[in-house]
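Model, not experiment: these values are computed from the prediction.
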Amino acid sequence: MNQNQQSSEGTHDDEAALSEFLASLMDYTPTIPDELVEHYLGKSGFQCPDVRLIRLVAVATQKFVAEVASGALQHCKARQATVVKDKRDKQQKDKRPILTMEDLSKALRECGVNVRHQEYFADSPSTGMDPATRDE
């Protein structure tokens, strides 16, 4: 058997696996509704009548969101573990993770998305000061 025959057999196997996967999407109900995916695809200028492709995008989006949420949780746990070393008593009372925008930003940055959020009034050192006396 030469390399061309092996290559065509590998391509045939890939096409068969892809066809089987796309067919399985017809029976799958993703977490993200088809209508929502169609709406955002339409807003970006993409129109596709094939439900399988819409569901493929929904599955990819669901995977992305799950990865970001998992990464944010890991950053949150790491951040809270460093704070807990300083305050052992508080750990015993409050064990629930508290996700912050910084945790989410770090997780998104790992996935290639750079997020910048505006400074909120509560984050500003001049919060509660008279606007005329601010040094900003």
Give a yes or no on whether [X] and [Y] share a hydrophobic cluster (residues Ile, Leu, Val, Met, Phe, Trp, Tyr; joining criterion: side-chain heavy atoms under 4.5 Å apart).
{"X": "Leu53", "Y": "Leu18", "result": "yes"}
{"X": "Tyr28", "Y": "Val65", "result": "no"}
{"X": "Met101", "Y": "Leu108", "result": "yes"}
{"X": "Val68", "Y": "Ile32", "result": "no"}

Original post:
Looking only at heavy atoms, what is the nearest atom pair of Ala72 and Ala107, with distance?
Top reply: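 Looks like N-CB, 3.3 Å.
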Original post:
Has the side chain of Arg55 got a donor or acceptor atom that lies under 3.5 Å from a matching backbone atom of Leu25?
Top reply: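 Yes; at least one donor-acceptor contact below 3.5 Å.
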**OP:** Report yes or no: does Ser70 contribute a side-chain atom to a donor-acceptor pair with the main-chain N or O of Ala66 at less than 3.5 Å?
**Re:**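 No: the side chain of Ser70 does not pair with the backbone of Ala66.
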Hey, what do you get for [atom1] ([X]) to [atom2] ([Y]), rounding to the nearest 0.5 Å?
{"X": "Glu15", "Y": "Asp13", "atom1": "CD", "atom2": "CG", "answer": "9.5 Å"}
{"X": "Asp34", "Y": "Ile54", "atom1": "CG", "atom2": "CD1", "answer": "7.0 Å"}
{"X": "Leu104", "Y": "Leu73", "atom1": "CG", "atom2": "CG", "answer": "12.0 Å"}
{"X": "Thr100", "Y": "Arg79", "atom1": "OG1", "atom2": "CZ", "answer": "4.0 Å"}
{"X": "Leu36", "Y": "Thr61", "atom1": "CG", "atom2": "OG1", "answer": "9.0 Å"}
{"X": "Arg96", "Y": "Cys76", "atom1": "CZ", "atom2": "SG", "answer": "11.5 Å"}

Original post:
Are His39 and Glu35 close enough, and set up right, to give a side-chain contact (heavy atoms from CB on, under 4.5 Å), and what steps lead you there?
Top reply: CA-CA 6 Å; His39 171 75; Glu35 294 79 15; over 6 Å; no
Original post:
What do you reckon, is OH of Tyr40 surrounded by more than 12 foreign heavy atoms closer than 6.0 Å?
Top reply: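 Atom OH in Tyr40 is not packed in, count stays at 12 or less.
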Original post:
Taking only residues two or more places apart in sequence or in another chain, which ones pass side-chain contact (heavy atoms from CB on, under 4.5 Å) with Ser24?
Top reply: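 With neighbours one apart ignored, the set is Phe21.
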Original post:
Given the rule in the side-chain contact (heavy atoms from CB on, under 4.5 Å) test, do Phe64 and Val113 qualify, once you have shown the distances and angles that lead to the verdict?
Top reply: CA-CA 11 Å; Phe64 176 76; Val113 178; 4.1 Å; yes
Original post:
Which of these, Gln80, Glu110, Glu102, sits in a side chain to side chain donor-acceptor pair (under 3.5 Å) with His75?
Top reply: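 By the side chain to side chain donor-acceptor pair (under 3.5 Å) criterion, His75 pairs with just one of Gln80, Glu110, Glu102: Glu110.
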